[in-house]
Amino acid sequence: MKIRLTGASKGHQLLKKKADALSLRFRQILKEIIEKKEGMGDIMKASFFSMTQAVYSGGEGIKHTIIDNVETASVKVTGGLDNVAGVKIPHFITAITPGESKMDLIGLGRGGQQLQHCRKAYIESIELLVALANLQTAFVTLDQALKVTNRRVNALENVVIPKIENTISYIKAELDELEREEFFRLKKVQKNKAKHAEADDTRKAAEQAAGGGGGGRGGGGAGDLLSAGQDEDVLF
């Protein structure tokens with residue numbers, strides 16, 4: 001039981017440290033989410049406004065021109081995993097394809113500057129949305145892990161460890177009671193042995209005293225028989 005108590009206490013300490021680390025990371029992510037959401041309105045507003053400027057400068061046909069010239073995505077999102085105190089958190093990374101593309105040549109005749117400005121604004125918006133999605137996913141995952149960890153900490157602190165401690169206290173009390181009973185039994189046995197030994201000594205002393213008196217009387221009788229005179233005649 002002591003080994004179980006040691007293991008439970010060690011597990012409680014480790015889970016407590018894990019909960020503290022998750023809480024710290026949880027608060028950091030929450031702060032970053034608030035900052036991203038506060039800046040998201042301005043960035044999205046600038047993106048939509050730049051798109052309106054590009055359409056106004058290049059005309060309505062600029063949309064079809066852009067769609068026809070797109071071959072591969074210039075912005076890609078890859079996934080990974082982060083480890084926070086043993087908790088696996090999905091992580092998204094934005095990758096922008098370097099180098100020139102056909103999109104850089106669109107609008108050279110009309111509205112090219114507004115189009116490139118719109119493209120940069122929307123790339124910035126995509127990066128912000130991916131970062132926000134990354135934070136939101138980590139926030140939800142950490143929230144669930146933190147709840148589970150706190151439940152385990154509370155279970156160990158309020159149920160498991162007190163139960164083991166009560167069991168150990170009960171075992172110690174029973175062992176102490178058995179030790180007291182054994183000590184009392186040994187004292188009783190020693191007392192009985194001393195009483196029996198004293199009775200035996202008294203009995204032996206009495207027997208020795210009785211044996212010495214009988215021997216004296218027997219010696220006197222033997223002397224009388226030897227010193228006796230002539231026996232009387234026996235009549236049949």
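Only heavy atoms go into these numbers, but all of them, side chains included; no hydrogens, no water, no symmetry mates.
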With a 4.0 Å cut-off, would you call [X] and [Y] a salt bridge?
X	Y	value
R185	E182	yes
D143	K147	yes
E177	R180	yes
E124	K120	no

Hey, are the side chains of [X] and [Y] touching, using non-hydrogen atoms and a 4.5 Å cut-off?
X	Y	answer
Q136	K37	yes
V140	Q144	yes
V87	K18	yes
I161	E157	no
Y170	E174	yes

Ignoring hydrogens, what is the shortest heavy-atom contact between [X] and [Y]? Give both atom names and the distance.
X	Y	result
V153	K16	CG2-N, 4.0 Å
P90	N134	O-OD1, 3.3 Å
A121	S50	CB-OG, 3.7 Å
I29	A138	CD1-CB, 3.6 Å

Between [atom1] on residue [X] and [atom2] on residue [Y], distance to nearest 0.5 Å:
X	Y	atom1	atom2	answer
T141	L81	OG1	CG	10.0 Å
K76	I126	NZ	CD1	13.5 Å
L30	E35	CG	CD	10.0 Å
T149	L22	OG1	CG	5.5 Å
L132	K36	CG	NZ	8.5 Å
L142	Q28	CG	CD	10.0 Å

Verdict with supporting geometry, K187 and F183, side chain to side chain contact (heavy atoms under 4.5 Å, CB included) | CA-CA 6 Å; K187 286 185 67 176; F183 180 73; 3.4 Å; yes
Do F49 and L128 share a hydrophobic cluster (ILVMFWY, side-chain heavy atoms under 4.5 Å, transitive)?
->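 No, because F49 and L128 fall into different hydrophobic clusters, even though each may have its own neighbours under 4.5 Å.
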Mind checking whether Y122 and F48 have parallel, tilted or perpendicular rings, split at 30° and 60°?
->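 Geometry flag for F48 against Y122: perpendicular rings.
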For L175 and E179, what are the C-alpha separation, side-chain angles and deciding distance, and is it a side chain to side chain contact (heavy atoms under 4.5 Å, CB included)?
-> CA-CA 6 Å; L175 291 176; E179 186 177 356; over 6 Å; no
